[in-house]
Amino acid sequence: MTKRSLGQRFVDSFKIRPHLPAAGPEPGIYHYERLEADWPTRFHLRVDPDGQGLLLANAAQAAVLSESGVLMAQGILAGREDHDIFLKVGNTFPDVTGNEIWAGLAQVRTLIENLSHPGDNYPISDLDDPYAATRSRAFAAPLRADVVPGQLELTEEIIRKLWDAGIPHVALLVRPELHKDDLPRLVEAAEDIGMIAGLRTVASWLPEEVLEAAANAGLDHLTLLYASAASAEHDALVGAGDHDLVWRYFARCEELELCAVAQVPLMQSNVDEIETIIGQLGERGVTNISFFALACPDNDELAREAGALPGSALPQVATVINEASETANVRYLWEVPVRFDNSRSLAEQVTAGPRAAGDVAIRVDQDGTVYPARGPRTSAGNILGDTWEQIWESPCFTRYRERLAAPTRCADCPDLPICAADCPRDPRGWSDDTQGGEG
């Protein structure tokens, strides 16, 4: 597992016999905190309805667990003695030998110890481990929701509904028109129920006193747009003085013990300076970088002239990012390419950012409407009015999962992480909020 990419870790374990009921915990999210060498790690154990589960550490590492792995992980994190865990697993899997149980328990303990030292890397990226193709399983819910805050009480209710659905991580998408004083209370609402909470914004949209208050309320990470290593080019797109403010906020993140994430748009104007951007961020201690491409079909000359990257260029850009990140020793995350909208300015689309942070995330608008990370802007339902089962099994999400399940690797670029979920050259796999792409 490299520092630059997140993968799934898999715990081989025993299958429950069909006639035996699952003896594990009830479906839902269980929150734990574990102290390793004075460094606290927050764990979220999500138990899905089939008894299998997902263990997350600091929203940075994910481990897929079978039914027995869930039993072992819950026992360890709850502080139970090995003997008690052994008896619980043995009663559930009577055909398994004692030696096999002890070996599995040791494996889960090692896994938890390893996950206790992931560093404060946020957010979770696409699950692109090379083993995922043969060992993946269908999740019952995403791992993160990117939420557009609106009316305070309504947004608090959205956060609670997301937690009830089994989503452990919320990122609030801060916009200029938002009543900023609500942010600390929303962060507190998420933290009070055990969620990981983050903000994504443009630096000049976030008053410093609000950042301080949000940090005091329990904020975990701050994602700031970073469009160029040159202040003039960045400020021309984002706003006067924003480049300097980004660096001031990143420095403040270290003082506040927040994880700093630089979100870099990929476009014609900065594609030749990607190595410089990555090196500059790494040198100044910002070791978490997310990238989203403003992309267009190769034949869309109008979009290319406005600053979008043609789809055919994305694999080469991804190769440069892969190599530069290795050199700078930073962790990079791929967000879904955004189809360039010719009816909107480049600056508008740069500051708006992607619909959601990768394929483990969903978008929730301020009225509760839910959207997948990719494809046309088609609603999957409303978190305030529909059950999570209705949303997750909606035709919108069903099509989305079917597309992600289809093979996307090719002989041209077989090893690029950006290709793990969908071919970056294919507009059908981008997020498309253009008029023609709206559902």
Side-chain angles (χ1 to χ4, degrees), residues 2-6 39 58-61 117-125 144 146 169 171-174 196-206 208 211-212 214-215 219-235 237-239 241-267 269-293 317-318 320-335 350-351 353-354 357-358 417-418:
T2 64
K3 183 176 181 181
R4 61 177 168 77
S5 65
L6 171 79
W39 180 260
N58 281 350
Q61 299 276 8
H117 304 281
D120 52 355
N121 296 309
Y122 298 91
I124 288 177
S125 67
R144 165 172 163 162
D146 287 2
H169 183 181
L172 302 170
L173 306 179
V174 183
I196 294 287
L199 301 179
R200 182 274 175 193
T201 190
V202 170
S204 52
W205 294 353
L206 183 66
E208 189 163 3
L211 172 59
E212 300 272 348
L219 185 68
D220 294 294
H221 66 91
L222 176 67
T223 299
L224 295 177
L225 182 69
Y226 193 70
S228 174
S231 59
E233 283 76 4
H234 173 97
D235 289 354
L237 281 169
V238 182
D242 191 85
H243 194 271
D244 289 343
L245 190 58
V246 168
W247 286 115
R248 190 164 91 222
Y249 280 6
F250 280 156
R252 192 71 185 110
C253 282
E254 184 174 359
E255 298 168 354
L256 295 170
E257 297 185 349
L258 296 178
C259 177
V261 182
Q263 185 182 61
V264 179
L266 300 172
M267 50 195 169
S269 61
N270 70 359
V271 70
D272 292 332
E273 62 166 330
I274 291 301
E275 293 171 289
T276 301
I277 290 174
I278 293 172
Q280 181 190 65
L281 289 166
E283 288 173 3
R284 299 184 66 166
V286 181
T287 57
N288 294 277
I289 310 173
S290 67
F291 295 94
F292 71 97
V317 174
V320 172
I321 290 172
N322 182 52
E323 294 173 353
S325 298
E326 286 281 5
T327 301
N329 196 30
V330 301
R331 178 178 184 262
Y332 72 84
L333 309 170
W334 278 116
E335 297 179 311
V350 164
T351 54
I418 193 176

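What you see below is based on every heavy atom in this structure, not just the backbone, and it leaves out hydrogens, waters and symmetry mates.
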Do Leu266 and Ile321 have side chains that approach each other closer than 4.5 Å (heavy atoms only, starting at C-beta)?
yes
Rounded to the nearest 0.5 angstrom, the CG-NE2 distance for Leu245 and His234 is 8.5 Å
Nearest atoms (heavy-atom pairs only) where Pro354 meets Glu335
CG-OE1, 3.5 Å
Could you tell me if the side chain of Leu222 sits less than 4.5 Å from the side chain of Val261, heavy atoms only?
no
Compare all side-chain heavy atoms of Val350 with those of Met267 and state whether any distance is below 4.5 angstrom.
yes
Report the relative orientation of the aromatic rings in Phe291 and Tyr332; use parallel for angles under 30°, tilted for 30 to 60°, perpendicular for over 60°.
perpendicular
What I'd like to find out is whether the side chain of Leu258 reaches to under 4.5 Å of the side chain of Asp220, using heavy atoms alone.
no
Could you walk me through whether Ile278 and Val330 pass side-chain contact (heavy atoms from CB on, under 4.5 Å), step by step?
CA-CA 8 Å; Ile278 293 172; Val330 301; 3.8 Å; yes
Please determine whether side-chain contact (heavy atoms from CB on, under 4.5 Å) holds for the pair Arg284 and Phe250, giving the CA-CA distance in whole Å, both sets of side-chain angles, and the decisive distance to 0.1 Å.
CA-CA 9 Å; Arg284 299 184 66 166; Phe250 280 156; over 6 Å; no
Any idea which heavy atoms bring Asp146 and Ala357 closest together, and the distance?
OD2-N, 3.0 Å
In Å, rounded to the nearest 0.5 Å, how long is the span from CD1 of Ile289 to CG of Leu281?
4.5 Å
Smallest separation among heavy atoms of Thr351 and Arg200, with atom names
O-NH1, 2.8 Å
Here the gap from Leu173 atom CG to Trp205 atom CH2, rounded to the nearest 0.5 Å, amounts to 10.0 Å
Can you see whether Glu273 engages Ser228 through a side-chain donor-acceptor pair at a distance of less than 3.5 angstrom?
yes
List the steps and the verdict of side-chain contact (heavy atoms from CB on, under 4.5 Å) for Ile277 and Val264.
CA-CA 9 Å; Ile277 290 174; Val264 179; 4.1 Å; yes
Salt bridge (Lys or Arg N to Asp or Glu O under 4.0 Å) partners for Glu255, two or more places apart:
Arg252
Side-chain heavy-atom pair Leu225, Val246 within 4.5 angstrom cut-off:
no
Do Leu219 and His221 have side-chain heavy atoms sitting under 4.5 Å apart?
no
Answer yes or no: is there a side-chain heavy-atom contact under 4.5 Å between Asn288 and Cys259?
yes
Value rounded to 0.5 Å, distance of OH in Tyr226 from CG in Asp242:
10.5 Å
As an exercise, state the distance from OG of Ser231 to CH2 of Trp247, rounded to the nearest 0.5 Å.
12.0 Å
Please round to the nearest 0.5 Å and tell me the distance separating atom CD of Gln263 and atom CG of Leu224.
9.5 Å
Does CD in Glu212 sit with more than 12 non-hydrogen atoms of other residues, nucleotides or ligands closer than 6.0 Å?
yes
When you measure from the side chain of Asn270 to the backbone N and O of Ala227, does any donor-acceptor pair fall under 3.5 Å?
yes
Between His243 and Asp235, is any pair of side-chain heavy atoms under 4.5 Å apart?
yes
Glu208 meets the side chain to side chain donor-acceptor pair (under 3.5 Å) criterion, sequence neighbours left out, with Arg248
